[in-house]
Amino acid sequence: LKIILTTFILAFFAGCIPLQAQKQIIPVLLIHGGAGTIERGMLTDSMEAEIKNALQMALDSGHAYLEAGGAAIDAVALAISILEDCPYFNAGKGAVLTDQGRHELDASIMTGRNLDAGAISGVTNVKNPIKAALAVLRNSPHVMLAGSGAETFAESQELELVPNAYFTTPRIRESWERSKARGYAPDTNSDYTKFGTVGAVAMDTEGNIAAGTSTGGIMNKKHGRIGDSPVIGAGTYADNTTCGISCTGQGEYFIRIGVAKEISDQMQFGGKTLQEAIDYTLHGRLTGMNALGGLIAIDRDGNMALEFNTPGMYRGYKKGNTSKVEIYGNE
Ligand code: ASP
């Protein structure tokens with residue numbers, strides 16, 4: 001009787017422990033700094049080292065936060081805000097210029113826990129657009145705010161505001177002047193060389209997935225143009241039952257296909273694995289349309305994907321004790 005009783009008590013308590021606590025979830029963080037024609041020899045050694053350092057710093061900070069039990073959504077915002085402050089990426093400081101020579105920034109963030117999402121578009125003075133997107137998610141009844149309304153909201157959230165010129169670097173100004181002189185048409189593939197949008201996808205110790213993306217858009221874009229990065233379902237998506245995704249590339253194509261949601265839907269309704277869904281959407285459909293870009297993704301089991309159809313993509317991941325930062329396609 002004693003044995004039966006003990007077994008019963010043990011079984012009872014085991015049943016009371018939630019499933020999440022029983023299986024240990026290893027936190028994962030993936031980041032990207034844009035896909036494009038990034039080939040060996042294009043970057044100086046010191047630039048390459050600085051870019052890799054910045055990626056590693058964003059990974060280390062975001063991952064340490066996850067390891068300490070922090071939520072995926074905050075780790076995503078943290079990693080992205082570090083990349084926004086780095087002048088080498090096309091987000092925050094160092095963002096590209098519009099045809100009017102100004103910066104208009106887009107960002108979005110989503111949590112797969114309950115499908116909450118926040119996005120801002122066309123902001124000109126918010127130092128860290130990803131923080132404004134997170135504030136839209138947390139402190140507004142809306143999903144997306146644009147232009148001056150987004151800026152007023154950011155101010156009400158006491159986010160740091162900066163003059164538009166803060167985002168300009170000499171390197172970006174020169175490349176804008178060159179593209180102007182060439183009569184740059186931002187919708188042609190030949191001119192679509194380097195991107196630089198930043199993004200992050202994370203899974204925390206509770207198994208929640210989050211994804212976010214931040215960008216200046218494309219060089220010399222028309223004033224008012226909005227790409228895929230702030231569009232939930234196109235450039236960013238997260239759902240705990242499928243995956244989390246952040247995209248980079250020619251936004252016009254990513255919006256038309258609804259890339260991030262299409263990948264999630266294939267897993268949800270088509271029973272595909274993350275890799276099969278990426279093969280279909282990125283390597284199949286997008287590549288078939290001659291659209292350039294890439295993405296990072298984590299599925300519900302913590303499997304990672306860092307994929308692109310361009311020569312390179314700034315990217316990195318950290319999972320447990322393994323971490324890697326890469327730039328070129330054939331590393
Ligand atoms: N997807 C971004 C956009 O179209 C650009 C990029 O990823 O570089 O705005």
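In this text the structure is predicted, and so the values were computed from the model without any measurement. Counting starts at 1 for both ligands and their atoms, following the listed order.
Contact check on Lys127 versus Asp85 returns a salt bridge, with a Lys/Arg side-chain nitrogen under 4.0 Å from an Asp/Glu carboxylate oxygen. Between Lys221 and Asp99 no salt bridge is recorded (no basic side-chain N to carboxylate O distance below 4.0 Å).
Ligand 1 has a nitrogen or oxygen under 3.5 angstrom from a nitrogen or oxygen of Asp228. Considering backbone and side-chain N/O of Thr248, one or more are found under 3.5 Å from N/O of ligand 1. Taking only nitrogen or oxygen atoms, main chain and side chain alike, Cys247 does not reach within less than 3.5 Å of ligand 1. Every N/O-N/O distance between Gly217 and ligand 1 stays at or above 3.5 Å. For ligand 1, the polar-atom distance check against Thr197 finds a nitrogen or oxygen pair separated by under 3.5 Å. By the 3.5 Å distance cut-off applied to N or O atoms, Gln250 is not counted among the residues near ligand 1.
Of all atoms in ligand 1, listed by their number and element, those nearer than 4.0 Å to a heavy atom of Ser229 are 1 (N), 2 (C).
Residue Glu104 is tested with Val96, Thr215, Asn164, Thr124 for a side chain to side chain contact (heavy atoms under 4.5 Å, CB included); the sole match is Thr124.
For Gly249, the heavy-atom gap to ligand 1 drops under 4.0 angstrom. Not a single heavy atom of Glu252 sits closer than 4.0 Å to an atom of ligand 1.
Residue contacts with ligand 1 for Arg225 involve side-chain atoms from C-beta outward but no N, CA, C or O (heavy atoms, distance under 4.0 Å).
Figure legend: Lys272 and Tyr280 shown as a cation-pi pair, the cationic atom lying under 6.0 angstrom from the six-membered ring centre and within 45 degrees of its axis.
Counted within 6.0 Å of CG on Asn114, heavy atoms from surrounding residues, nucleotides or ligands total more than 12; the atom is thus considered enclosed.
In the hydrophobic clustering (ILVMFWY side chains linked at under 4.5 Å, chained through shared members), Ile226 stands by itself. In the hydrophobic clustering, Val123 connects to Leu105, Ile120, Val126, Val136, Leu145, Phe153, Leu161, Val162, Tyr166, Phe167, either directly or through intervening members, whenever side-chain heavy atoms lie under 4.5 Å apart.
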